[in-house]
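Down below is the structure, laid out as structure tokens.
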Amino acid sequence: MAEFTIIGGNVSGIAAALYLTEKGHTVTLYEHRIWNKPCGSAISLEFKEYLYNEWGVELNEAHQGKYMIIGLPNGNHVEIESPFVATTRLELQEKLLQLLKEKDISVNITGKRLTATEVMEVATPQTIVATGYSKLTHQLLQRTWDPKDVAHVVRFDGMVKNAEYPDNHYIIIDNKVTGYGWLFVGDNNHLNIGIGGEERSLPHNFSWKAYFDRFLSILREKYHIKIEDDLPIQGWKLPLPVNKWKYHVSYVHNGIEFIGVGDALGMAHPILGAGIEPGWLSGWCLAEATDEKGHIDTKKYQKLLRKNIKITSGRRLDIFLATMMRSRLPYKNLFAYYALKLFTRKMIATMRKHHWYKVHIYN
Ligand SMILES: Cc1cc2nc3c(=O)[nH]c(=O)nc-3n(C[C@H](O)[C@H](O)[C@H](O)COP(=O)(O)OP(=O)(O)OC[C@H]3O[C@@H](n4cnc5c(N)ncnc54)[C@H](O)[C@@H]3O)c2cc1C
């Protein structure tokens, strides 16, 4: 049995804490704050059920919606039955942290971001870095993401007044920022609206506010959704490497081995940017790679990640599509639209087939 320090208490850090504790180890987790992370917050139905069945976590704010509409800014679109629920990051983090406390896992809400020096004071010989896209991740894991692998994203999340819209989720592909915009519906006029794209594709002096407002106009004019203007937005960054495996999973610094999970390793899907479930799964893989004495075998961990995070990486189709979307091809919007139209069902079927959240890790 061993003791572990985990820095970062959102999905991936929390998952690592839970699974390591299940294996009999002792964990102390440090998190800056409980917050509503700027995020689309879409998770699969299966993951929602898994959290409830396996851990008793009930997400009351999660909403499925009827259809998912995938479209272009000109209004061309396809619809499929909604494959996911839109939840809120605040509820997800709050309930998961509560679960840790019920399991007697030590949780420290620090009220500030820990510095690398402060981390050294609380570090265990193998310390888990679950700090997502942040300065600390960069310092501890020596990750320097290529700008083409980083998405900059802004979103509004809250109640809207005077809105009129069907009970559908929307994803609108937009070439201008090599990315897409979304509108996810919640209960009682709760909407999550965002837009983001590849950092290097953004022109100099780009205004996210103007771009977000333009997205609202597209929703109004081409998709007949009535929403007021001037919604406040918040931004964040997300690493989306196409080839995740060229980066190392750990880094030794002053005799401490720092091991990444979740966004700190860039685990989100390279096209969709979905990183909640891969983040969770990476925490699980980490615990599976830990032996009884409490040593994390990082080679085994990397192997488990490759094998299990099917929805985000190893598949040739995803790598091909992600590379095409990052290219400078003409008619990229159209290409992306047809690719999503053709492959969305396949992507969703793959996610369901590798239903790791219900069963076990494939060794
Ligand atoms: C705008 C946007 C939309 C997205 N939409 C979706 C979506 O719809 N579906 C989906 O599945 N994924 C989505 N993602 C991706 C998803 O948010 C991430 O992949 C996921 O949150 C990764 O979880 P994590 O625990 O690894 O990192 P994070 O969620 O980033 O958590 C890191 C935690 O570490 C803490 N921390 C950081 N630095 C310090 C420090 N120095 N000291 C103490 N604590 C620290 C932070 O407070 C934070 O809580 C989106 C991301 C963005 C930016």
Side-chain angles (χ1 to χ4, degrees), residues 5-17 29-44 47-48 62 68 83-90 92-94 96-97 107-119 122 127-141 150-157 169 171 179-184 186 192-197 199 208 212 233-241 260-283 286 309 311-312 351 357:
T5 291
I6 299 181
I7 315 290
N10 224 328
V11 278
S12 60
I14 291 172
L29 179 139
Y30 294 84
E31 163 60 36
H32 168 203
R33 61 187 167 142
I34 298 175
W35 62 312
N36 193 7
K37 178 179 175 170
C39 177
S41 312
I43 55 171
S44 67
F47 186 57
K48 178 185 166 235
M68 178 164 93
F84 59 78
V85 292
T87 175
T88 71
R89 287 307 292 269
L90 186 62
L92 186 62
Q93 192 193 25
E94 274 177 342
L96 290 172
L97 286 177
V107 175
N108 295 287
I109 306 296
T110 55
K112 68 188 267 293
R113 289 174 180 279
L114 294 184
T115 61
T117 316
E118 287 163 340
V119 170
V122 295
T127 291
I128 293 129
V129 181
T131 42
Y133 187 90
S134 69
K135 188 174 155 201
L136 190 67
T137 298
H138 173 63
Q139 287 170 316
L140 298 181
L141 288 178
V150 174
H152 192 124
V153 199
V154 294
R155 73 98 217 243
F156 160 82
D157 181 38
H169 301 305
I171 288 187
Y180 67 86
W182 72 85
L183 178 149
F184 296 155
N192 184 316
I193 309 172
I195 186 152
E199 187 153 82
W208 277 107
F212 182 80
I233 52 173
Q234 282 178 297
W236 207 255
K237 287 187 185 179
L238 178 61
L240 298 175
V261 284
D263 269 12
L265 296 186
M267 281 295 142
H269 190 282
I271 304 169
L272 300 173
I276 295 173
E277 291 165 62
W280 183 273
L281 182 55
S282 67
L286 181 107
I309 305 201
I311 66 160
T312 79
M351 285 165 78
Y357 25 75

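All ligand and atom numbering here is 1-based and tracks the order in the structure. None of these values were measured; they are calculated from a predicted model.
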The one among His32, Glu277, Lys37 that brings a heavy atom closest to atom 28 (P) of ligand 1 |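 Nearest option to atom 28 (P) of ligand 1, by heavy atoms: Lys37.
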Give yes or no for whether the N/O distance cutoff of 3.5 Å, strictly under, is met between [X] and ligand 1.
X	result
Arg89	yes
Ser41	yes
Glu31	yes
Ile276	yes
Gly40	yes
Asp263	yes

If we only consider heavy atoms of [X], is any one of them less than 4.0 Å away from an atom in ligand 1?
X	result
Pro38	yes
Cys39	yes
Ala130	yes
Leu238	yes

Select one of side chain, backbone, both or neither to describe which atoms of Leu136 lie under 4.0 Å from any atom of ligand 1, heavy atoms only.
->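 Near ligand 1, Leu136 shows its side chain, while the N, CA, C and O stay back.
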What part of Ser12 sits under 4.0 Å from ligand 1 if we count only heavy atoms: the side chain, the backbone, both or neither?
->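 The answer is both.
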